[in-house]
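Everything numeric in this text was worked out from a predicted model, so none of it was measured. Both counts, for ligands and for their atoms, begin at 1 and track the order of listing.
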Amino acid sequence: MNSKSSQISGLHHITAISDNAQRNLDFYSLVLGLRLVKKTVNFDDPGTYHFYYGNEEGTPGTILTFFPWEGIGQGYPGTGMATEIGYSVNTGSLEFWEERFKKFHVRVKEKMERFGETHLRFADPDGLDLTLVEPTIADPRKGWETKDIHSENALKGFCQVTLTLREMEKTARILTDIFGYRLLSQEANRYRFITDAISTANIVDLLEEPDGKSGHNTAGTNHHIAFRVKDESIQMALRERILENGLLPTPKINRDYFYSVYFRESGGVLFEIATDNPGFTVDEPLKELGSHLQLPRQFEPDRKIIEEILPKLK
Ligand code: ZN
């Protein structure tokens with residue numbers, strides 16, 4: 001598993017839980033300026049939306065997805081969870097974001113340094129923890145532009161994700177021995193892992209909290225994180241490696257926009273391995289991404305009922 005092409009290529013997407021759908025849509029598309037690249041339903045619960053936000057094409061490594069479960073109740077982050085999502089921005093744009101967050105009454109937590117990067121930590125309306133990062137190496141990706149967020153300030157996609165764990169050793173071994181990551185550096189109880197297979201969305205921080213309380217996985221918390229592979233043959237090879245390491249991956253599941261394999265890693269975080277193919281233009285042209293409610297084939301006969309159940313969006 002040493003050749004780059006047979007490795008994980010960083011993050012594919014992160015999936016989180018929110019409460020109110022409209023509030024989630026307004027925050028991520030209007031306040032943060034991400035593109036809604038797909039509006040569909042939870043394939044296991046078609047009365048709930050599944051929103052995908054990303055860059056123009058919904059490139060893997062830029063995709064944050066939500067299940068908005070109305071009235072699910074407030075969760076809290078803790079051990080066994082992804083606890084912070086990091087988006088990269090251009091150096092110098094944090095001032096723009098501080099102003100913007102003031103204007104939209106966004107809960108800003110702090111501005112701080114970590115591994116030589118400047119962070120602006122904040123929370124979404126459900127309390128989900130995010131951070132905008134000015135990385136030490138400039139991120140070449142172009143973010144989605146909106147009326148009031150031009151490309152120099154736009155969010156480019158993920159640079160990193162933090163997992164909080166009671167004990168990080170076994171999770172670290174999955175990253176290094178199966179996924180091809182290496183330990184880059186350490187600051188106190190934060191261990192930074194990186195893969196050289198790709199230059200963006202390629203960092204995972206493990207935050208070790210031996211006495212940490214476990215999280216409660218409802219609104220305002222992350223459900224799972226998905227790692228990226230080029231195609232299903234790499235995915236199936238990795239699935240074998242996961243099995244050999246005593247973990248229990250699911251079979252390959254068709255998610256219409258990618259193929260997925262899930263497994264619970266040793267520290268409690270739900271991991272997914274997702275393919276680049278076929279991508280978000282499989283059922284909508286690039287220009288119209290996110291503008292229609294897309295249903296998987298099995299639910300198409302029930303479209304009328306589903307549309308009635310789903311919350312109305314502005
Ligand atoms: Zn997923």
Side-chain angles (χ1 to χ4, degrees), residues 8-18 21 24 28 34-46 48-55 57-69 72 75 80-87 124 126 128 130 157-158 160-163 171 174-175 178-179 201-202 204 215 217-232 234-236 238-239 242 247-265 267-280 282-283 289-290 294-296 299:
I8 293 287
S9 312
L11 294 169
H12 184 287
H13 66 269
I14 297 173
T15 293
I17 302 171
S18 77
N24 179 265
Y28 285 93
L34 300 175
R35 185 178 193 193
L36 179 70
V37 293
K38 196 62 66 184
K39 181 168 62 179
T40 180
V41 294
N42 183 330
F43 289 11
D44 304 311
D45 175 16
T48 303
Y49 281 116
H50 193 182
F51 294 150
Y52 290 77
Y53 304 100
N55 67 355
E57 297 90 9
T59 310
T62 73
I63 309 159
L64 178 58
T65 97
F66 283 91
F67 298 128
W69 271 303
I72 190 176
M81 253 187 204
T83 49
E84 188 192 70
I85 296 166
Y87 275 97
D124 85 354
D126 289 292
L128 186 73
L130 299 118
F158 303 133
Q160 58 200 239
V161 66
T162 298
L163 313 183
T171 307
I174 293 169
L175 292 179
I178 308 178
F179 287 4
N202 60 348
V204 178
N217 199 198
T218 53
T221 63
N222 291 301
H223 188 264
H224 64 268
I225 66 168
F227 292 88
R228 173 182 186 184
V229 288
K230 192 167 158 285
D231 57 34
E232 297 149 78
I234 300 170
Q235 182 183 48
M236 287 299 108
L238 278 163
R239 187 178 181 280
I242 291 161
L247 296 155
L248 300 169
T250 64
K252 181 177 75 178
I253 299 170
N254 182 357
R255 292 301 186 196
D256 279 11
Y257 311 108
F258 42 84
Y259 294 92
S260 298
V261 166
Y262 301 86
F263 69 101
R264 185 77 61 183
E265 61 84 29
V269 184
L270 185 59
F271 276 8
E272 176 182 349
I273 296 173
T275 59
D276 281 6
N277 61 299
F280 292 104
V282 72
D283 57 1
L289 286 184
Q294 298 296 337
L295 295 178
F299 297 137

> So that I can tick it off, tell me whether Asp44 and Arg255 are bridged by a salt bridge, with the cut-off set at under 4.0 angstrom between side-chain N and carboxylate O.
yes
> Could you please tell me which protein N, O or S atoms lie under 2.8 Å from the Zn ion (ligand 1)?
His13 NE2, His224 NE2, Glu272 OE1
> Return the CH2 to NE2 distance between Trp69 and His223, rounded to the nearest 0.5 Å.
5.5 Å
> We want to know whether Thr275 and Glu232 form a side-chain donor-acceptor pair, criterion being a heavy-atom distance below 3.5 angstrom.
no
> For the side chain to side chain contact (heavy atoms under 4.5 Å, CB included) test, which of His13, His12, Lys230 pairs with Pro60?
His12
> Does the Lys NZ or Arg CZ of Lys38 fall within the cation-pi geometry relative to Phe280 - under 6.0 Å from the ring centre and within 45° of the axis?
no
> List for me each residue that meets side-chain hydrogen bond (donor to acceptor under 3.5 Å, both in side chains) alongside Tyr87, sequence neighbours excluded, and say none if there are none.
none
